[in-house]
Amino acid sequence: MNKLDDLMQLDGALATFDFSSGGELTDSRIADGAEIETDVLDMVCHVCVANGAIATMQARGWEKMTQMEGFYPIQGFSLIGFEWTVIVTDTVGVIIKNDKVDYDAAYAILEK
């Protein structure tokens with residue numbers, strides 16, 4: 001099994017995805033019955049790259065302005081929607097139903 005397959009084992013996982021540094025979807029898994037299509041995953045990948053860049057800018061700026069450390073580099077982040085949450089590290093992510101999301105379990109797999 002690979003990381004995408006491991007993430008699909010999380011309770012409530014709807015999809016997992018891998019993407020390039022430019023935001024192109026490179027691999028994915030979608031749960032049976034999930035109302036998510038590959039086109040949506042492609043858009044999510046681009047959103048993840050954009051948000052990762054913004055978070056990195058904010059973390060670096062915060063460290064420079066406050067002289068506090070530990071915000072940069074960004075280790076991962078979550079995007080929370082009305083029905084599901086996207087959890088991402090590097091170029092791998094998982095989409096999980098909000099009522100089932102377990103951040104600790106997802107990050108444990110993502111950080112392997």
Side-chain angles (χ1 to χ4, degrees):
M1 255 200 229
N2 67 26
K3 195 178 288 192
L4 296 184
D5 295 326
D6 291 344
L7 288 165
M8 284 303 295
Q9 300 305 308
L10 292 168
D11 190 23
L14 299 171
T16 60
F17 55 94
D18 192 355
F19 56 98
S20 71
S21 61
E24 289 80 23
L25 178 66
T26 58
D27 197 5
S28 66
R29 311 283 187 278
I30 299 175
D32 292 336
E35 295 181 11
I36 296 175
E37 297 182 15
T38 305
D39 290 345
V40 170
L41 291 180
D42 184 61
M43 181 193 68
V44 167
C45 293
H46 285 85
V47 168
C48 288
V49 168
N51 278 275
I54 292 167
T56 297
M57 175 198 63
Q58 291 172 328
R60 291 181 68 188
W62 184 254
E63 282 192 354
K64 288 186 186 235
M65 289 184 66
T66 65
Q67 302 303 309
M68 295 172 61
E69 295 183 359
F71 298 96
Y72 175 81
I74 297 297
Q75 300 297 312
F77 59 89
S78 300
L79 303 168
I80 303 169
F82 293 115
E83 296 179 22
W84 39 266
T85 295
V86 178
I87 303 171
V88 180
T89 59
D90 298 320
T91 59
V92 179
V94 59
I95 299 174
I96 305 174
K97 293 179 187 179
N98 282 348
D99 63 344
K100 302 279 187 177
V101 69
D102 180 343
Y103 295 95
D104 292 330
Y107 280 115
I109 295 170
L110 285 165
E111 292 172 355
K112 285 183 186 178

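Just so it is clear, the values below take in all heavy atoms, side chains as well, and ignore hydrogens, waters and symmetry mates.
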- So how far is it from Thr56 OG1 to Asn51 CG, rounded to the nearest 0.5 Å? 10.5 Å
- Out of Val86, Val40, Thr85, Thr16, which residue meets the side chain to side chain contact (heavy atoms under 4.5 Å, CB included) rule with Ile95? Val86
- Message: Which heavy atom of Val94 sits nearest to which heavy atom of Ala106, and what is that distance?
- Response: CG1-CB, 4.3 Å
- Message: What's the separation between atom CG in Leu41 and atom CG in Leu14, rounded to the nearest 0.5 Å?
- Response: 10.0 Å
- Query: If you look at every heavy atom in Val92 and Phe19, which pair is closest and at what distance?
  - Reply: N-CE2, 3.8 Å
- Query: Going by heavy atoms in the side chains, are Phe17 and Asp42 under 4.5 Å from each other?
  - Reply: no
- Smallest heavy-atom separation, Ala31 atom then Ala13 atom, equals CB-O, 3.7 Å
- Pairs involving residues 23-34, ordered by first then second residue, that meet salt bridge (Lys or Arg N to Asp or Glu O under 4.0 Å) (sequence neighbours left out): Asp5-Arg29, Asp27-Arg29
- Item | Cys48 and Phe77, any side-chain heavy atoms less than 4.5 Å apart | yes
- Message: For Thr38 and Leu25: C-alpha separation, side-chain torsions, deciding distance, then whether side chain to side chain contact (heavy atoms under 4.5 Å, CB included) applies.
- Response: CA-CA 9 Å; Thr38 305; Leu25 178 66; 3.5 Å; yes
- Query: Once you round to the nearest 0.5 Å, how far does NZ of Lys100 lie from CG of Leu10?
  - Reply: 12.5 Å
- Would you find a donor on one side and an acceptor on the other, under 3.5 Å apart, between the side chain of Glu69 and the backbone of Gln67? no
- Item | Transitive ILVMFWY side-chain link Ile109 to Tyr103, under 4.5 Å | yes
- Query: Hey, is the main chain of Ile80 close enough, under 3.5 Å, to the side chain of Asn98 for a donor-acceptor pair?
  - Reply: no
- Those residues at least two apart in sequence (or on a different chain) that pass side chain to side chain contact (heavy atoms under 4.5 Å, CB included) with Glu111 are Tyr107
- Looking at side-chain heavy atoms only, is the closest gap between Val44 and Ile36 below 4.5 Å? no
- Query: Are Val49 and Met57 linked, directly or through other ILVMFWY residues, by side chains that come within less than 4.5 angstrom of each other?
  - Reply: no
- Query: Just wondering, more than 12 heavy atoms not from Glu63 lying within 6.0 Å of its CD?
  - Reply: yes
- Message: I'd like to know if Met8 and Trp84 are part of one continuous hydrophobic network [Ile/Leu/Val/Met/Phe/Trp/Tyr, side-chain heavy atoms within less than 4.5 Å].
- Response: no
- Query: Is there a donor-acceptor contact under 3.5 Å from the side chain of Thr91 to the main chain of Ser21?
  - Reply: no
- Task: Go through Ile96 and Ile87 one step at a time and tell me if the side chain to side chain contact (heavy atoms under 4.5 Å, CB included) criterion holds.
- Result: CA-CA 8 Å; Ile96 305 174; Ile87 303 171; 4.2 Å; yes
- Determine the minimum heavy-atom distance between Thr26 and Ser20, stating which atoms define it. CG2-N, 3.9 Å
- Item | Exam field: side chain Lys3 to backbone Lys112, donor-acceptor pair closer than 3.5 Å | yes
